[in-house]
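These numbers come from the heavy atoms of this one structure, side chains and all, not from hydrogens, waters or symmetry mates. Throughout, a chain's letter reflects where its sequence line sits, starting with A, and its residues are numbered from 1.
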Protein chains: 2
Amino acid sequence: MQKAARLSQPARPPGRPREFDMDTALDRALRVFRERGYHATSIGDLTAAMRLATGSVYKAFRDKQAVFLAAFERYVALRQEQTRSAAGRGKNGRDRLRNVLLSYVEHSQGIEGRRGCLVVGSAVELSAVDPVIRARVSAQLETNESFIAGLIREGQADGSIPEHVEADDTARLMICITQGLRVVGKARLPLDGERLASVAMKLLA
Amino acid sequence: MQKAARLSQPARPPGRPREFDMDTALDRALRVFRERGYHATSIGDLTAAMRLATGSVYKAFRDKQAVFLAAFERYVALRQEQTRSAAGRGKNGRDRLRNVLLSYVEHSQGIEGRRGCLVVGSAVELSAVDPVIRARVSAQLETNESFIAGLIREGQADGSIPEHVEADDTARLMICITQGLRVVGKARLPLDGERLASVAMKLLA
DNA sequence: TATAATAGGGAATGATCGTTTCCAAATAAA
DNA sequence: TTTATTTGGAAACGATCATTCCCTATTATA
């Protein structure tokens with residue numbers, strides 16, 4: 001099959017090349033999915049948002065669920081980047097955790113908040129009905145949870161968080177807080193980052 | 001059957017009387033809505049669950065949204081009863097709050113947890129699309145929040161919760177916890193009531 | 001009894017959904 | 001060129017959806 005591929009060349013696949021940028025299209029798709037959820041988003045909504053014809057979408061993806069899954073993966077990657085970046089702006093474990101919480105509140109609030117979170121949306125709307133998505137959502141929640149547990153342990157190592165804090169239990173509760181923030185933000189209740197983060201930091205006492 | 005209607009009798013309305021029990025039917029409807037959400041629940045699913053014909057449903061309700069709204073109201077009433085009852089089993093404010101948290105975790109976990117919460121489901125799936133439901137959801141979140149704030153203030157009055165605790169901020173964070181518990185429970189992660197409640201009670205320190 | 005009013009129930013309806021099909025266009029290889 | 005392969009795009013398709021219609025059954029009242 002593979003003749004060419006002249007060492008480290010990208011090696012263009014045969015046939016007409018794709019005209020649209022996949023990441024751009026996925027960004028547009030995930031925005032609609034976040035806003036309206038899976039079932040309330042029709043293929044027509046998707047093609048309009050992605051600026052593609054129906055046929056093009058079905059050339060690039062097997063079906064609607066595949067579009068959703070791809071959008072989900074992109075969303076999770078982007079969010080993870082933002083969260084890690086927030087954690088980076090901290091001088092110790094406790095500080096990093098506080099910044100992560102603040103970042104979560106900020107993303108759960110205002111315009112971004114009412115756009116919603118794809119993880120929360122998938123958990124609520126799809127996990128009862130789609131085992132593939134449910135497994136993906138659970139895995140992501142566990143990834144996020146162990147990231148937080150890691151920050152707690154870092155804080156305990158650098159002395160900014162007491163040793164008696166139960167890292168795993170506290171991390172699980174904090175995951176509940178972050179997911180709950182998205183629910184409350186979606187319902188458009190105002191969220192004050194400083195106030196909420198201050199209260200939440202008591203969990204590290 | 002009865003002649004009657006003699007002063008203060010319920011006074012049966014004209015025409016053929018309803019054969020089914022409304023609350024029973026709503027209980028069945030809300031169960032499907034909780035499990036699958038609004039859009040994934042078809043009228044066919046509803047009539048099967050409620051054991052009514054399509055026509056009967058449309059005789060009793062204006063449309064699908066009206067069924068949902070009625071189911072929502074019944075769900076909220078039932079849950080409020082359960083939560084108040086849990087609060088009742090406590091000797092002081094702090095104890096009542098702990099019981100409420102424990103009750104929330106229990107309902108967010110296991111079979112009941114994967115059935116999901118109609119408030120969370122509505123917030124996530126419908127608040128972007130349906131202003132009526134969004135307003136109802138926001139109002140309910142605020143009701144729940146002020147119930148919790150009230151318990152905190154009770155605890156401060158009876159000395160079981162320190163005065164320096166910010167009742168409103170803490171209540172809002174606790175609402176996030178409860179809503180987040182439902183998200184995490186829907187994704188089927190295990191939730192340990194004792195452990196989570198113990199950690200959460202640190203917010204009252 | 002006859003009439004009016006409402007509920008029960010299933011078939012019919014029209015809209016919308018996700019998906020497929022088909023043809024023209026673009027690219028690489030032969 | 002020609003051929004093979006893939007994309008772009010719109011029209012077509014069948015399934016399913018929420019809703020309406022219509023007929024029968026049941027009640028209270030005249």
Inset, instruction - Specify the separation, in whole Å, of atom CE of A:Met50 and atom C1' of D:dG8. - result: 14 Å
Inset, instruction - Taking atom CZ of B:Arg79 as the centre, report whether more than 12 heavy atoms of other residues, nucleotides or ligands fall under 6.0 Å from it. - result: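 Buried by this count: over 12 neighbours within 6.0 Å.
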Legend entry - Salt bridge B:Arg153-B:Asp168, side-chain N to carboxylate O under 4.0 Å: yes
Legend entry - A:Glu35 bridged to A:Arg114 by N-O distance under 4.0 Å: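 Salt bridge flag = no for A:Arg114 with A:Glu35.
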Inset, instruction - Produce a footprint string for nucleotides 8-20 of chain C: one letter per nucleotide, 5' end first; B if the base is under 4.0 Å from any protein heavy atom, S if only the sugar-phosphate is, - if neither. - result: BBB------SSBB
Inset, instruction - Could you tell me whether the side chains of A:Ser85 and A:Arg89 share a donor-acceptor contact shorter than 3.5 Å? - result: yes
Inset, instruction - Mark yes or no for whether A:Lys202, through its side chain, and B:Leu204, through its backbone, hold a donor-acceptor pair below 3.5 Å. - result: no
